[in-house]
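Each chain gets a letter, A, B and so on, in the order its sequence line appears, and its residues count up from 1.
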Amino acid sequence: MSALQEIRNRFAPVLAGLTDDVELALSMIRASQDSKFGDFQANCAMPLAKSSGVAPRELAQQIVELVQLDNLCEKVEVAGPGFINLRLRTDWLEQQARAIVSDERLGVSRVEAKKIVIDYSSPNVAKPMHVGHLRSSVIGNCLERVLRFVGHDVISDNHIGDWGTQFGMIIYGYRHFVDESAYRDEPVAELARLYRLVSQISDYHEAGRKLPDVEEQIEKNGVLITQLKSSEDDPKKKTKSLKKLRSEHEGLLETLAGLQSKRRAVDSDADFQKLAIDHSDIARLARLETAKLHSGDEENRALWDEFLPECLKALDHVYRKLGVSFDKTLGESFYQPMLADVVADLKEAGLAIESDGAVCIFAEGNDAPFIVQKSDGAYTYATTDLATIRYRVKVLGTQVMYYVVDTRQSEHFKLLLDTARRWGFGEIEFQHVNFGTVLGDDRRPFKTRSGDTVGLESLLDEAVARAHEVVVENDPAATLDEETRRGVAEAVGIGGIKYADLHHNRESDYVFNWDKMLAKNGDTATYIQYANARINGIFRKGEIELDALRADAGLLRLEHDSERGLFLQLQSFGDALSAVGREMRPNMLTQFLFETANRFSTFYQDCPVLKEADDAIRSSRLLLCDLTSRTLTLGLSLLGIDAPKQM
RNA sequence: GCGCCCGUAGCUCAGUCGGAUAGAGCAUCGGAUUUCUAAUCCGAGGGUCGCAGGUUCGAAUCCUGCCGGGCGUGCCA
């Protein structure tokens with residue numbers, strides 16, 4: 001049990017006599033932000049004073065006198081308007097260490113288990129994964145690990161898009177453009193090429209159709225701007241409309257550039273151009289192939305059966321590099337047979353009605369409908385999502401569902417979850433665990449120089465390659481062999497990418513920056529990994545037997561400020577993890593680990609370990625090192641990051 | 001038009017059920033090393049928390065208005 005939990009337990013009976021909402025009052029006991037106020041502070045006296053009619057400081061004093069803290073805290077002060085400042089007795093802290101040293105879970109207790117499905121990553125198969133899939137995969141995987149560690153019964157589910165329009169495109173491509181030998185050698189690469197080819201031709205024609213429109217709009221827009229400039233409107237209003245028009249203008253120019261580049265990609269190559277012209281109706285025909293697949297056409301179904309395993313293999317390849325795996329991979333195709341029944345059920349329940357030929361669900365206070373069947377009879381992802389919810393609850397027995405999905409889909413999830421509640425799943429706890437966009441230096445969504453989305457696999461490879469350079473640079477004496485170096489590069493590279501993502505508040509957009517994520521200093525994975533490597537360096541150099549050390553461990557001695565500060569941090573590991581699980585925020589774990597590594601580095605500077613002459617102090621420090629290493633290693637592993645023993 | 005989100009140090013960001021003098025990293029400047037790995041440590045400077053009101057003992061945090069930016073918005077997922 002952490003010190004914070006212990007303090008809260010001591011306060012609970014006293015606060016129960018003062019308020020109905022003890023939990024709320026207890027949540028106001030927290031670690032002090034400044035050590036001069038002690039280790040912990042209770043801020044509950046001020047708000048409680050209001051209802052009880054006693055002066056806050058006086059109430060704080062009364063609470064202090066009633067709470068049984070004798071063996072726990074050394075001094076208790078009432079300060080300011082009614083803060084209660086607590087400082088732990090060092091001998092109490094030293095006692096705690098015993099329990100943690102012998103506990104594999106490092107003193108982190110388990111919560112009451114809930115059956116949770118966490119839905120993340122969810123790429124479309126047959127298209128290469130890109131940087132947009134990074135956040136969902138990394139955040140989702142971290143939360144999965146944390147939730148499981150704190151004791152929940154977790155199922156991770158990769159809800160892949162394996163039944164969508166991309167298969168029509170691949171089928172069309174396969175029928176017309178396949179390179180047989182390339183397909184035999186590397187089916188996935190060939191399928192990806194076919195997908196890209198078909199979408200390029202399709203985009204080419206679409207761009208051709210749209211170009212005149214966009215050009216016309218730009219012209220109109222230009223005229224509007226000129227007119228507005230010379231108009232006699234209220235100047236404030238004028239500036240505002242002008243600004244809006246200009247930003248629209250910029251948007252249009254960007255669209256125009258995009259369309260022109262799609263045209264150029266084809267026109268610049270005479271053969272390609274000819275091919276495109278020969279397949280001018282490609283978009284419609286590809287859609288037709290999709291429709292045939294969905295309506296049970298045998299040939300298309302056979303092709304789908306042939307392609308899908310290859311696509312899954314390609315995904316696995318990336319997931320292996322990323323260190324991510326799933327309990328289930330139940331994609332759109334899995335739910336496809338259930339969709340008709342879902343719509344029928346929704347209609348019967350009186351939730352879904354027909355509107356403009358589509359079957360829609362309207363939510364109160366929302367204009368946009370939730371469309372579960374399009375006017376052409378096809379189902380949508382909304383239908384699939386509802387079928388998924390029903391399956392997860394009825395078949396898997398799920399109590400909690402988390403969706404780790406881009407924040408731009410908030411509207412969809414709002415409607416989905418509202419519908420689910422009205423459909424009879426009101427008892428289920430749903431949360432859209434939303435996240436922001438990965439941006440480039442230009443603050444636009446992260447793209448390559450040529451404007452393409454960044455492939456996830458190449459991104460990971462580049463991270464490892466860059467990390468390898470850093471490893472070599474930092475090991476001029478070549479004390480590490482090449483295999484070790486590669487292992488470190490992998491841990492540092494992949495870890496760097498993951499950490500950069502996880503240490504931001506997940507709801508914020510963030511700017512992708514190579515130098516920062518692989519930097520040796522600062523709030524990075526490397527810094528934390530390095531702290532751990534140094535600890536293991538001590539063990540290696542001192543030839544320390546860890547099992548023996550733990551077995552005949554004496555008391556931890558926390559005499560030096562940096563020893564005490566480090567252990568105080570270590571014993572709050574469980575507090576950090578429960579915060580992550582409660583808020584679904586991995587950055588609360590990265591923050592904990594950074595702070596831990598930081599305090600270790602200070603301790604390392606201040607307190608010699610192997611060189612310490614006093615045996616008791618020496619072994620106490622070794623034990624502290626061991627606890628730190630175990631905490632860092634476990635903490636990093638919950639982020640999905642490796643912790644090399646040497647680097 | 002409507003809806004949602006954001007605006008914190010030169011830069012990148014924490015700060016989420018209101019709490020003490022608003023924090024970190026980078027960058028800048030200064031200091032520490034015959035090292036238990038300097039991929040380190042210690043210190044300094046740097047802020048009208050977009051603006052203006054309001055609620056409160058107390059506001060970066062809650063409410064209102066304004067300014068600036070992003071995203072979404074009926075048959076794509």
Between B:rA39 atom P and A:L480 atom CG, what is the distance in whole Å? 12 Å
Nearest to side-chain heavy atoms of A:L24, which nucleotide of B:rC17, B:rA39, B:rG19: B:rC17
Other residues, nucleotides and ligands only: do more than 12 of their heavy atoms fall within 6.0 Å of CG on A:D614? yes
Check: A:R599 side chain, A:G565 main-chain N or O, donor-acceptor pair, under 3.5 Å: yes
Which part of the nucleic acid, if any, lies within contact of A:V511, taking any heavy atom under 4.0 Å across all strands shown: a base, the sugar-phosphate backbone alone, or nothing? sugar-phosphate
Within the 4.0 Å heavy-atom criterion, would you say A:P47 contacts the bases, only the backbone, or no part of the nucleic acid? base
Is there, by distance only and without an angle test, a donor paired with an acceptor across the side chain of A:T602 and the base of B:rC41 below 3.5 Å? no
Between A:R506 and A:N587, does any side-chain donor sit less than 3.5 Å from a side-chain acceptor? no
Can you tell me the Watson-Crick or wobble partner of B:rC49, both distances under 3.5 angstrom? none
What does the B/S/- profile of nucleotides 21-34 of chain B look like, 5' to 3', with a 4.0 Å heavy-atom cutoff to protein? B--SSS--------
Taking everything shown except A:D21 itself, do over 12 heavy atoms lie less than 6.0 Å from its CG? yes
Residues at least two apart in sequence or cross-chain that pass salt bridge (charged side-chain N to carboxylate O under 4.0 Å, His left out) with A:R284, listed by chain then number, are A:D281
A:Q646 CD to B:rA39 P, in whole Å, measures 14 Å
Provide, to the nearest angstrom, the distance between the CD atom belonging to A:E507 and the P atom belonging to B:rC6. 7 Å
Quick note, A:N587 side chain, CB onward, closest among B:rU37, B:rA14, B:rA39 is B:rA14
Find which nucleotide of RNA chain B each of A:A597 and A:H503 is nearest to by heavy atoms, and output the residue with the more 5' nucleotide. A:H503
Between B:rA20, B:rC17, B:rU12, which one does the side chain of A:S27 approach most closely? B:rC17
Do the charged groups of A:D406 and A:R408 touch, with an N to O distance under 4.0 Å? yes
Classify the nucleic acid contact of A:A378 as base, sugar-phosphate or nothing, counting any heavy atom under 4.0 Å across all strands shown. nothing
Which base, if any, makes a Watson-Crick or G-U wobble pair with B:rA22, both distances under 3.5 Å? none
By the 4.0 Å heavy-atom rule, please label A:M647 as base, sugar-phosphate, or nothing. base
Nucleotide nearest A:M46 when distance is taken to its side chain, options B:rA39, B:rU56, B:rG19: B:rG19
Any salt bridge linking A:R87 with A:E77? Criterion: basic side-chain nitrogen under 4.0 Å from a carboxylate oxygen. no
Counting any heavy atom closer than 4.0 Å, what does A:C44 reach on the DNA or RNA strands: base, sugar-phosphate only, or nothing? nothing
Polar pair under 3.5 Å, donor/acceptor by atom type, side chain A:Q41, base B:rA20: yes
Would you mind classifying the nucleic acid contact of A:R30 as base, sugar-phosphate or nothing, using non-hydrogen atoms under 4.0 angstrom? sugar-phosphate
Aromatic ring pairing A:H412/A:Y381, orientation class (parallel under 30°, perpendicular over 60°, tilted between): tilted
Protein within reach of the bases, or only the backbone? For nucleotides 69-77 of chain B, mark each nucleotide 5' to 3' as B, S or -, using heavy atoms under 4.0 Å. --SS-BBSB
Check whether A:N536 reaches the backbone of A:N532 with its side chain - one donor and one acceptor, N or O, closer than 3.5 Å. yes
I'd like to know whether CG of A:D561 has more than 12 heavy-atom contacts from other residues, nucleotides or ligands below 6.0 angstrom. no
Provide, to the nearest angstrom, the distance between the CG atom belonging to A:N532 and the C1' atom belonging to B:rU37. 13 Å
Give one of base, sugar-phosphate or nothing for A:Y527, where a contact means two heavy atoms less than 4.0 Å apart. sugar-phosphate
A:A519 near the nucleic acid: base, sugar-phosphate alone, or nothing, with a heavy-atom cut-off under 4.0 Å? nothing
Please determine, for B:rU73, whether a Watson-Crick or G-U wobble partner exists with both distances under 3.5 Å, and give it or none. B:rG1
Looking at A:N43, does any N or O in its side chain come under 4.0 Å of the phosphate oxygens OP1/OP2 on B:rG19? no
Using a 4.0 Å heavy-atom cut-off, does A:R585 contact any base of the nucleic acid, only the sugar-phosphate backbone, or nothing at all? base
Between A:D481 and A:T484: side-chain donor-acceptor atoms closer than 3.5 Å: yes
So which one's nearest nucleotide on RNA chain B is more toward 5', A:E23 or A:C607? A:E23
Just call it for A:T526: base, sugar-phosphate, or nothing, with non-hydrogen atoms closer than 4.0 Å on any strand. base
For the pair made of CZ in A:R443 and P in B:rC6, what is the distance, rounded to whole Å? 15 Å
